[in-house]
Undergrad: 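Quick one: the structure is below, and I'll ask about it shortly.
The figures that follow rest on heavy atoms only: side chains count, while hydrogens, waters and symmetry mates do not. Numbered from 1 within each chain, the chains take letters A, B, ... in sequence-line order.
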Amino acid sequence: MAGKLIIDLPKCKKQDMRSIQCSYKHHPDNNGLIVLLERIQFALICRKCHSAPCVTACPMQALEKIPVSPDESLLHRATMKCTGCNTCAIACPFGTIYTDLVPYVNDICDVCRGRLDDSEKPLCVRTCEDGAIDYCSDVTVENSMVEIFEDIIVQVPQGNRWEPFLRQPESAHK
Amino acid sequence: MSWKLWSLKKSPWVFHVNTGACNNCDIEVVNCLTPKFDVERFGIKLVGTPRHADALLVTGVVTRQAAPRLIRAYQQTPKPCVVFAIGACACNLGIFRKGYHVVGPVDKILREVDPNAIIAYVPGCPPKPEAMISGVIKALGAI
Amino acid sequence: MKISMRKPVIPVGPVHPLQEEMEYFQLTIDGEIVTDIDVNIAYNHRGIEEISETLQFDQVPFLVSRICGICSASHPLAYVQAVEEIANITPPERALYVRTIINELERIHSHILWAGLAGHFIGYETVFMWAWKYREPVLDLLEEITGNRNNYGNVKIGGCREDIKPDIIPKLLKELDLLEKKMDMLTKAVLDDPILHARLKGVGILTKEDAIKYAVAGPTARASGVPIDVRRDDPYAMYGALDWNVITQEEGDVFAKTVVRLLETLEAIKIIRQALKKMPDGPVMTEVKDIPPGEGCGHVEAPRGETFHYVRSDGGNRPVRHKARAPSYVNVPSFKASCIGEEVSDAMITLAAVDPCYSCTERMAVLDSQTNALICGFEELLRLSREKTERIRKGI
Amino acid sequence: MNDLLNNLFWILIFPGFVFTVTCGLLAGWVVRKVTALVHHRIGPPLLQQGYDVMKLLGKETLIPEAAQKVVFIAAPLAGMSGALVLATLLWRNNFATNIPYLGDVIVALYLMAIPSLALILGSSASASPHAAIGASREIKLVISYELALVLALIIVIIKAVGNSKVTGSPLYLSSLAAVTPVFSISGMLAFLVAILCVQAKLGYVPFDAAEAETEIAGGILIEYSGALLAIWQLMQTILLIAFPLFLVTVFMGGFDAGTVSALLLSIGKYVLVLVLLILIKNTNPRMRIDQVMKFFWYYCGPVLGFAIVLAMLGNAYGLGWL
Amino acid sequence: MDRILAILVFVPLAAGFCMLFAPRSIRTLLKWFALLVSIAAFISAIRIFAGQADTFTLVLPLQEFQLDLLLAVTDLNKFILLFATGFGLLIVLYSLKINPDMKHQNAYYGSILMAIGGSAGILLTNHLLWLLIFWEIVTASLYLLISTGGEKCKFAATKSFAMIGASDGAFLLGLAMVWTLSGDVNGSGTFIISELNIGTTSGTGIVAFLLLMTAAVTKAGAMPLHTWLPTSGQDSHASVMAILPAALDKLLGIYLLVLLVKDIFVLQAGALTLVLSVIGSATILVAVMIAMVQHNVKKLLSYHAISQVGYMVLGIATLTPVGIAGGVFHMLNHTIYKCCLFLCGGAVEKAAGTAELEEMGGLGNKMPWTFVACLIGALSISGIPPFNGFVSKWMVYQGVIEMGSEQLGGSSLWPLWLFSAMFGSALTLASFVKILHSIFLSRRPTNMESVREVPVTMIVPMIVLAFLCVLFGVAYFIPLDYFIYPALQMTRSGGEMLGIWDSATATILLIIGTVLGGFILLLSMRTKTVRSVPTWSCGEIQPNDQMIIPGTHFYKTISSLPYLRRLYHIQEKGWFDPYDHGGRIGLGVSGFLKWLHSGLLSTYLTWVAVGLLLTLGILCQIWKG
Amino acid sequence: MNDQELRDEIEKMSNKLIAIEQPLRNRYFLSCESQNAHDVCRFLFEDVRARFVIATAIDSDDCYEILYHFAYDELGTIIHIKAHIRDRENPSIESIAPFLPGAEWIEREIHDVMGIVFVNHPRLERLILADDWPDGVYPLRKEAKR
Ligand code: SF4
Ligand code: SF4
Ligand code: SF4
Ligand code: SF4
Ligand code: SF4
Ligand code: SF4
Ligand code: SF4
Ligand code: SF4
């Protein structure tokens, strides 16, 4: 039963993501959500500054702006270069990058593919206290939602800065 | 100082116990015997059975399988005997800390059976032979 | 005549002076003849494979160099090659030369080490002492290049951590010349000693068929006439560009293994000389950003044989699965073919002849960045010792 | 009574325990030092051997549970006292040549077996498989070199029988000393082989299969510790004097301490033997026990057989140099 | 008329004979009766030794055949007699508890008594024919004794009897020649030992000597007619081995050899001594080599019983005073320690229920007395100073050397004899190390935990013998002065020794040395605890039984050495066994004998009777002709 | 043999294989179901005469994977055979140790750490785990971590 993971960004308080548990197959100590949030932040919330302070600040040259369209470029963190020093988090004037978002160890979420029994929800859904994560097999993608990866849908906060992305969800794919 | 300790200091015979090391510490222990370092100058001699030993050179993390053997070796060494935890692994598990088959550093394992065990630590990964020698000498000097 | 049911057994290990490591050979004997052998290697199992999956790709080389201290250049190299295969990275040429040189230096020191230990095991202390004396300069060189006598940790994904500084090169060449002379002498001395012949020839023979069946690697295989050498078969680093020979012998006995090792040392010196001459200038690192999902393998001819690493990545920065096979893992079981029927003393040297190190039969390790954090200094040491001595003295 | 007191002095002080042990500790240091020099090492300090023994005496003594305890403890004592009596006998017969003391050369030969026997019994009482292997090797070693040693001794006896200089019985150590068999072909052969035998008796490489540290973890002595090990060490120390002294007495014209120059010469002989032993020790790997047996039986045996023929011919035709 | 002599001979004989047919109901009493008789015999022997008797003549009606039985005490036989009866007593004592419900109790005790009586007869008589008769009686009792072991001993018994019987045939033939030869000298032949003085220059003289010698050395168990010993040793009871092959047969065989060399024949150094020396040295070496690889205590001991004969033969063959004295002394010593060893073997077998070395181990704690006795016996037989074996071997060596130094060029093979004697001693040590290791030291197999020390009646004989070993070693002038020298008409200065061995002082010194060591030990242990720990097996725990390395593994290296391997191989196949050859060559004499010796007592006795009659008949014929 | 011939040899087995991938000249990844793995390995070892290097067990998404790594030294080629064991409850696979003694240890090890049963293995005893390691706990299975 393949379902989709729905992340409700407005509900997410972004403070204690590490308290969510994750049952990623290959790295049981994983917290796959963090990496998802990072990508969501970079794709949807980051202001995409021209002279990005975060990129210049990173002592490891781990941050990079990758052009996705002629006028758009996405922030990308090279996992093999970042040491998790969090300089970027301080440098970003918009608070896009949270300390929690730049993990030293990069985890993957596989949406618990193949590991869920019928009607069972992923561990992250069950352990998220505020109910910001949900898992459904059939969701209708509403306007306020971005289908950011194949199986992951993000409920974005009200506002319009990220509207362009609502129309081009594929651009978040790497 | 009693003559026993004094003579012990003059002629410590060591027995080498590997409890799950990576070989480096062990090779460096053996290296101490060789011309460049020549521990025989200090009367140190590597012996083949714990019965003859005055000091155990323990290298490596203590793995689950090795722990009882280490304890056995320790118990079968005539006292007084000094245990040297050689290398980062033996001192505090070093790189292998999270291994499921690793039960603890040397001191933890030995203190469980003998709270009074004399344990000296020679850090390094691997410690240089010079460090080992000076460790042994200093530890014995302290006695 | 009644045949006794009891089968006497000599335990060799786990704590035995024959081995530097913990392993347990159970030799069933009849008189002085070994009739069966059983090996237990659980002692060194540190659970490395499992922990490795919690580590970053870049940390793993430091970890795998601690699979075993002697092959501490080969294991990381094999691993790094596997990762480079996944990410399709080609390191700069200079880095490849540096890797070649360090690996050959390692081979030299490891072979000399073995020759010395072999002498030690058959009670030839002089050979032991002399061989290890000749080995010291190699370690010093390695220390000068990489910063450590062993566990160099010099390979990184995409290149090398430390370059060989130009001012070391003349010294390196000089030491190599000296070493070559000494090794020539040692080789001759060993190959001509009649008592060594008596002690080593015809001992612990591993036939070619058995060598293939047990899938042995390295000098153990080459001494049995199986001409495999990863450096030639699947050239990595810069071996393809250099001129050297694969040494093989047909007999498969301990003596053949000795010959192979000693001659390989001389070959290694040759390789290093060429590499130093041909080494281009340039950086030793390429930039590595991400490791894509995928799987790959790398193998390296370590001093004892082929080191094989298989890595699978899921796109994160930790491997999903990392398998490491060290040469001893396949060489050791071949004892069943080579030790049985030997005298106990011969069995011992046969065990030693594949140069087994069990650390590596148990693979994969975790790197902990705080390796050195909890180590006590000498002050601490002194204090502890004093305390304990006080206690002892009261006890006496 | 006086006799007893004399004997007591001889065995305990001079030339017995105190004297021999002192010399032996020095000789042991020489062995280690020269070995170290051969290895390009510096080697232990002068008193190292003494420290070792002292240290061992101060240590705890462990006794294996399964051991035959009485034998385990008694064996080193018996071995040491055998060695001591041997040393005393050899010294006295060299110092006071006019009165043969205690025994003749055959007695000496058999006294020389006591330490090995004690080692064997002690190790076999220690209930360890390694020790048992060690014991079995030691006894095989004994019968290997014994063949050669007996033959070498027979050559000496033949020489003594055919020598007109010999006034007393040809078996007296003092008369053998008068013969100086090394100055003949057969005697030289016998001497060379006897050196190898002594090498084996002392358990030095290449004949140390019984102790083979790297094979059977110390073999015969694997279970001994503390004071008992110290006693073994003392025994080895004494033997380090006694065995070369035996060679000096039987083959090289004895240890004469009459004048200073004679004393120096005698010490020279002893040191020569010792150095030969050390050199052999350091230029050979350990031989397998069956190789040892083959060596002594199939090589040394025939050579000495030939030497015996030479010696007999020499006696028959009055050719002392044969 | 010293009736005591006759009593000593005939009372045990008669008692033994009667016991063979004792009714089942009183069989339990038999052993006490046997004990009584043997005590009586021993006391008589003591009295005889003390000089209370000289001669005894039993005049038989057959005057013209000179068949009067003259029992005469000489210095030689009186001490042998003392020991023979002494051993008898010890064995009977030892046997009391050994096997309470032995089926053949009557035959067992009966034949022991007969053997005692028979040996007394052999020793005391001075008439060769009587000697032969007693000789046969002892052979018969040996046969009976071996057969008491039950079914499995049948073969051994038959084999022993066949081989000894064959050698007795040689004896008979030799006697006939002696008769003729002595006739040549004196006009009419004689069998009176003291009157005989036959030269060994003539061909017949040599043949006669060789024939009689064959009988003597076969009885004593020297090679090549030795194989009855190990065969019976393996199967029969250790006490049987102790009394006959180890003790009485040695005493008698060597006694006869001494008679032959000293009294009956006039021997010069030459071919005959060469033969004896060859037999002696070969026996020493070959037997001990075979002994080393044996797996069974009793068989191993039996081979040593053979090997040691070599020393005696060699000593006598030197013809030098010290050599002969050494040989005879060795005979005495050998009987003591070998008897002791066999008794220890028996004790161990009884306690552990097996005689296989591989199955035992670590019994030293459990059977301390047996261990001590066995240790002393082993050290003695291996010639370790200061025990008795060393002294007599040492004398034999001196005999050989003296022979060499006297006859420069003449007997130039003496280094060979010396070598085999001295080296044999080392090999003996080796095989006893194996025994000590396998039985008493080593580790105890789990199933041997319940083993207990044997009862005191068994311990006492062993300890007495062990004590004698020490005594005769430390104060070796006692037996020499009281037994050996008088017997050989020597004095201490007459049998002057080449070497010097101050055994008493050396023993004191050894003790001082040990005490010194003990003192050092005590000093250092005063404050330190002595701790008991498990065996160090390199850190791994192993099952107890796997850690036992039995002594049988010790000499596998030797048996796989080149050359020796072949030797051992053909030995295994019985190539050295004339008996087997006899069997192989077709149904020859031994086959016939095998058939005759069906193992039934009555058949056997008939056969003995018929044989004796035949013998007498033939002899009568010779006389007349 | 050259590269093409090797490819041909490998393709001879294609009826037993699910997929053949060749990402590099000298790297092959062959996938098969567990019941075919034994035959494929045997073919590679005995007919192609490839050298056995090692086997890897992976606790994969929905199955256990066993990777047999073979080397064909003449061409420096590494051939990985991925055998999928779909039965997660009682994972088992035919052992290759009977004809390839060099694989004995690794199969024992995989049995230790993954709990995969190798049918017909000559001696499927514990190899690398401590004697007192509890039965039924397989450290490399991902469940073990939870
Ligand atoms: S628990 Fe849920 S809502 Fe709270 S921070 Fe974590 S993901 Fe956001
Ligand atoms: S956390 Fe990573 S990306 Fe951010 S500044 Fe540090 S290295 Fe750069
Ligand atoms: S925490 Fe690590 S990454 Fe951050 S500054 Fe310290 S060392 Fe650098
Ligand atoms: S500074 Fe902050 S907002 Fe600007 S590009 Fe970087 S992450 Fe985005
Ligand atoms: S869906 Fe599964 S894998 Fe992804 S974060 Fe949640 S628990 Fe982890
Ligand atoms: S401290 Fe380092 S060198 Fe020593 S055993 Fe541990 S990892 Fe190896
Ligand atoms: S074979 Fe293994 S243990 Fe040995 S040196 Fe190499 S990696 Fe280390
Ligand atoms: S502690 Fe840091 S600087 Fe020192 S060796 Fe280790 S990594 Fe290098």
Undergrad: Return yes if some donor-acceptor pair links the side-chain N/O of D/S81 with the main-chain N/O of E/G513 below 3.5 Å, else return no.
TA: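 Between the backbone of E/G513 and the side chain of D/S81 there is no qualifying donor-acceptor contact (under 3.5 Å).
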
Undergrad: Between D/L77 and E/G518, which heavy-atom pair has the shortest distance, and what is it?
TA: CD2-N, 3.6 Å

Undergrad: Do you know the tightest heavy-atom contact between D/I114 and E/P385?
TA: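 It is CD1-O, 3.7 Å.
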
Undergrad: For D/L153 versus E/M422, what's the shortest heavy-atom pair and its separation?
TA: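 Smallest heavy-atom distance, with atoms named: CD2-CE, 4.2 Å.
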
Undergrad: Please find the pair of heavy atoms, one from D/Y110 and one from E/G383, that lie closest to each other, and give the distance.
TA: CD2-O, 3.1 Å

Undergrad: Which bit of E/F440 is near chain D, if near means a heavy-atom gap under 4.5 Å: side chain, backbone, both or neither?
TA: backbone

Undergrad: Quick one: of E/I512, E/L416, E/I508, who has the most non-hydrogen atom pairs under 4.5 Å with chain D?
TA: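 Top count of heavy-atom pairs under 4.5 Å with chain D: E/I512.
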
Undergrad: Using the side chain to side chain contact (heavy atoms under 4.5 Å, CB included) criterion, which residues pair with E/T507? Sequence neighbours excluded.
TA: E/P386, E/V474, E/S503, E/I511

Undergrad: Mind ranking D/V70, D/L121, D/V142 by heavy-atom pairs under 4.5 Å with chain E and telling me who comes out on top?
TA: D/L121

Undergrad: Can you say whether D/I308 sits under 4.5 Å from chain E via the side chain, the backbone, both, or neither, judging by heavy atoms?
TA: side chain

Undergrad: Using every non-hydrogen atom in the two residues, find where D/A125 and E/L441 come nearest and quote the distance to one decimal.
TA: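 That would be CB-CD2, 3.8 Å.
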
Undergrad: Atom CG in E/L509, atom CG in D/L111: separation rounded to 0.5 Å?
TA: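 Here the interatomic distance stands at 10.0 Å.
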
Undergrad: Find the one option among D/L147, D/V150, D/I154 whose heavy-atom pairs under 4.5 Å with chain E are most numerous.
TA: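 Among D/L147, D/V150, D/I154, the one with the most close pairs to chain E is D/L147.
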
Undergrad: Using heavy-atom distances under 4.5 Å, tell me whether D/L89 contacts chain E through its side chain, its backbone, both, or neither.
TA: neither

Undergrad: Using side-chain heavy atoms (C-beta onward) and a distance below 4.5 Å, is E/P415 in contact with D/I158?
TA: yes

Undergrad: Could you tell me whether the side chain of E/L379 reaches within less than 4.5 Å of the side chain of D/L117, counting heavy atoms only?
TA: yes

Undergrad: Can you pull out the residues in residues 366-377 of chain E with any heavy atom less than 4.5 Å from chain D?
TA: E/F371, E/L375

Undergrad: Is it the backbone or the side chain of E/F419 that comes under 4.5 Å from a heavy atom of chain D, or both, or neither?
TA: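 Its backbone and side chain both get close to chain D.
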
Undergrad: Could you state the interatomic distance from NE2 (E/H437) to OG (D/S136), rounded to the nearest 0.5 Å?
TA: 8.0 Å

Undergrad: In Å, rounded to the nearest 0.5 Å, how long is the span from CG of E/L516 to CG of D/L84?
TA: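 Going from the CG atom of E/L516 to the CG atom of D/L84 covers 6.5 Å.
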
Undergrad: Heavy-atom distances under 4.5 Å only: say whether E/L427 touches chain D with side chain, backbone, both or neither.
TA: both

Undergrad: Kindly indicate whether the side chain of D/D104, heavy atoms from C-beta on, has any atom under 4.5 Å from the side chain of E/W394.
TA: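 Sidechains of E/W394 and D/D104: in contact.
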
Undergrad: So, taking the atom named CG in E/L510 and the one named CE in D/M80, what distance separates them when rounded to the nearest 0.5 Å?
TA: 11.0 Å

Undergrad: With a 4.5 angstrom heavy-atom cut-off, which part of D/L109 approaches chain E: side chain, backbone, both or neither?
TA: side chain

Undergrad: Write down the atom of E/A426, the atom of D/E146, and the distance for their closest heavy-atom approach.
TA: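 Scanning both residues, the minimum pair turns out to be CB-CG, 3.3 Å.
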
Undergrad: Supply the atom-to-atom distance D/I143 CD1 to E/F423 CZ, rounded to the nearest 0.5 angstrom.
TA: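 Reported value, rounded in 0.5 Å steps: 6.0 Å.
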
Undergrad: Using a 4.5 angstrom heavy-atom cutoff, name the option from D/T88, D/L149, D/V85 with the most pairs to chain E.
TA: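 Counting heavy-atom pairs under 4.5 Å, the top option is D/V85.
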
